[in-house]
Amino acid sequence: MNMAQRKDFLDFPPGFIWGTATAAYQIEGAAAEDGKGESVWDRFAAAPGKIADGSDGRVACDHYHRYAADLDMMKDLGLRAYRFSISWPRVIPDGRGAVNPKGLDFYERLVDGMLARGIRPFATLFHWDLPQALHEAGGWARRATVDAYVRYADLVARRLGDRVKDWMTHNEPWVFAFVGHLFGDHAPGVRDLRMALATAHGLLLSHGLAVPVIRAASAGARVGIVHNLEWVEPASPKEEDVAAARRHDGAFNRWFLDPVFRGSYPEDMLAWYGADAPVVGADDMKIIATPTDFLGVNYYTRRIIASDPAGRGTSGRSVFAARQVHWPFVPRADFEEWEMAPEGLYRVLLRVAREYRPGFMYVTENGTSLPDTVGPDGAVRDTVRLRYIARHTAAVLQAAGDGADVRGYFLWSFMDNFEWGFGFTKRFGMIWVDYATQRRVLKDSGRWYSQAARDNGFPARDANAPS
Ligand code: IFM
């Protein structure tokens with residue numbers, strides 16, 4: 001059958017990747033097992049009052065012990081790509097000293113387990129679990145941490161690079177830098193703009209330095225970075241609202257895209273940050289702009305922004321003199337700030353393709369949290385999520401049709417997990433997890449996604465989209 005001709009059906013390009021994603025600290029557990037060192041998240045979560053439900057990632061989904069059964073489920077669902085992250089302190093407990101062979105062995109078992117099941121591994125090297133010792137030595141603001149990361153990237157790529165060919169240096173530097181070092185809601189819980197910007201710079205610099213190192217260790221590897229991007233619109237045509245929206249876009253999107261793809265920080269934001277802007281070494285920007293193969297786009301929301309010098313900015317702070325405005329009628333996720341706006345994903349992909357020419361792209365994360373429960377019939381009827389995924393993947397298809405080279409979509413997340421400062425109160429998975437027993441239950445959305453992956457598309461009516 002010619003799959004491209006199905007009537008009333010959204011056919012995705014041949015070879016489109018339907019994957020799923022997780023991160024080490026959110027699922028692995030085994031936080032102090034087999035020689036793993038302490039990460040900033042172990043330390044942060046242990047402090048009273050930091051996590052909404054008082055939980056931590058010590059056990060999480062116990063994936064460290066249950067990975068084989070989890071991969072079996074992935075295979076049974078017909079998912080052929082898995083984006084996972086490697087825990088730096090599991091591999092090098094203090095970040096820069098002795099290597100922990102058992103840590104590397106775990107990732108080897110995991111990767112071999114994927115390959116044995118026909119699942120393509122997409123590895124992220126840093127998804128926020130910085131070794132605590134490196135944070136105490138000054139964190140990403142120090143060149144020593146940048147160099148330690150490059151050593152770690154080299155070590156992991158040498159060990160796994162014959163089997164892993166898709167690498168991501170960092171996940172969402174914005175979140176680690178700003179939520180962790182300006183807003184203080186994430187580990188390591190610092191509240192200092194200068195520190196946030198220095199952290200972001202260290203992350204970007206380490207990315208640029210690691211790209212050739214990974215390529216050298218993993219022949220034929222494709223290497224990229226993952227940014228969380230938002231579609232931003234001013235709340236009104238008023239000059240101050242337009243300026244606030246531009247500032248939000250500058251802080252959130254351009255501060256991370258411009259260096260990687262243009263080799264410079266945006267001028268307007270450098271002026272806005274003034275003396276807090278990072279110290280930039282002579283070759284830093286050239287290094288950060290080392291050409292990559294692809295960009296990973298994490299998309300969760302659009303934001304409508306109004307000027308408000310004293311008001312709540314993103315994440316409740318006014319550093320950007322802006323405030324988010326919600327439109328009535330737009331459904332929101334369980335995360336109050338997040339509007340369900342698939343057209344924003346379409347626009348982000350086209351904007352990035354046109355303005356930054358990043359090679360190709362993957363949507364490396366997209367998904368939504370809902371207060372899922374298991375019904376008396378044993379099912380999790382998460383119709384809202386199902387529709388969310390259908391509409392967002394339809395937006396990806398539309399963007400691909402309009403010229404954005406997007407080659408895959410990774411649903412966040414494979415299973416419910418530890419959602420950082422929200423602990424276990426948010427459920428993003430296609431699989432529901434009972435944390436007391438570690439029972440897994442496939443949600444309706446997971447069943448739908450599995451079918452879409454097998455069919456490389458789905459009926460247009462699922463997304464209310466024209467076929
Ligand atoms: O759970 C996170 C993930 O670690 C990074 N991107 C956003 C997800 C949902 O908040």
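We count ligands from 1, going down the list as the structure has it; atoms in each ligand are counted the same way.
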Please report whether ligand 1 has a polar contact with [X], defined as an N or O pair separated by less than 3.5 Å (distance criterion only).
X      : result
Asn171 : no
Trp412 : yes
Trp420 : yes

Which ligand 1 atoms, with their elements, are less than 4.0 angstrom from a heavy-atom of [X]?
X      : result
Phe428 : 9 (C), 10 (O)
Glu419 : 1 (O), 2 (C), 9 (C), 10 (O)
Glu172 : 5 (C), 6 (N), 7 (C)

Flag, side chain of Arg247 to backbone of Ala321, donor-acceptor distance under 3.5 Å: yes
Donor on one side chain, acceptor on other, Trp174 and Asn253, under 3.5 Å: no
From CD (Glu108) to CG (Leu110), nearest 0.5 Å: 11.0 Å
Approximate separation, where rounding is to 0.5 Å, of Ile225 CD1 and Thr292 OG1: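 Atom-to-atom, Ile225:CD1 and Thr292:OG1 are 8.5 Å apart.
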Residues Asp293, Lys165: salt bridge by 4.0 Å N-O rule: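 So Asp293 does not pair with Lys165 through a salt bridge.
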Basic-acidic side-chain contact under 4.0 Å: Asp53, Lys426: no
Heavy-atom nearest neighbour in the protein, as seen from atom 6 (N) of ligand 1, with distance rounded to 0.1 Å: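 Checked against all protein heavy atoms, atom 6 (N) of ligand 1 sits closest to Glu365 OE1, 2.5 Å.
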Heavy-atom gap Trp338 to ligand 1 smaller than 4.0 Å: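 A heavy atom of Trp338 does come that close to ligand 1.
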Ligand 1 contact by His127, heavy-atom criterion under 4.0 angstrom: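 For ligand 1, residue contact (heavy atoms, under 4.0 Å) with His127 is present.
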Aromatic ring pairing Phe418/Trp41, orientation class (parallel under 30°, perpendicular over 60°, tilted between): perpendicular
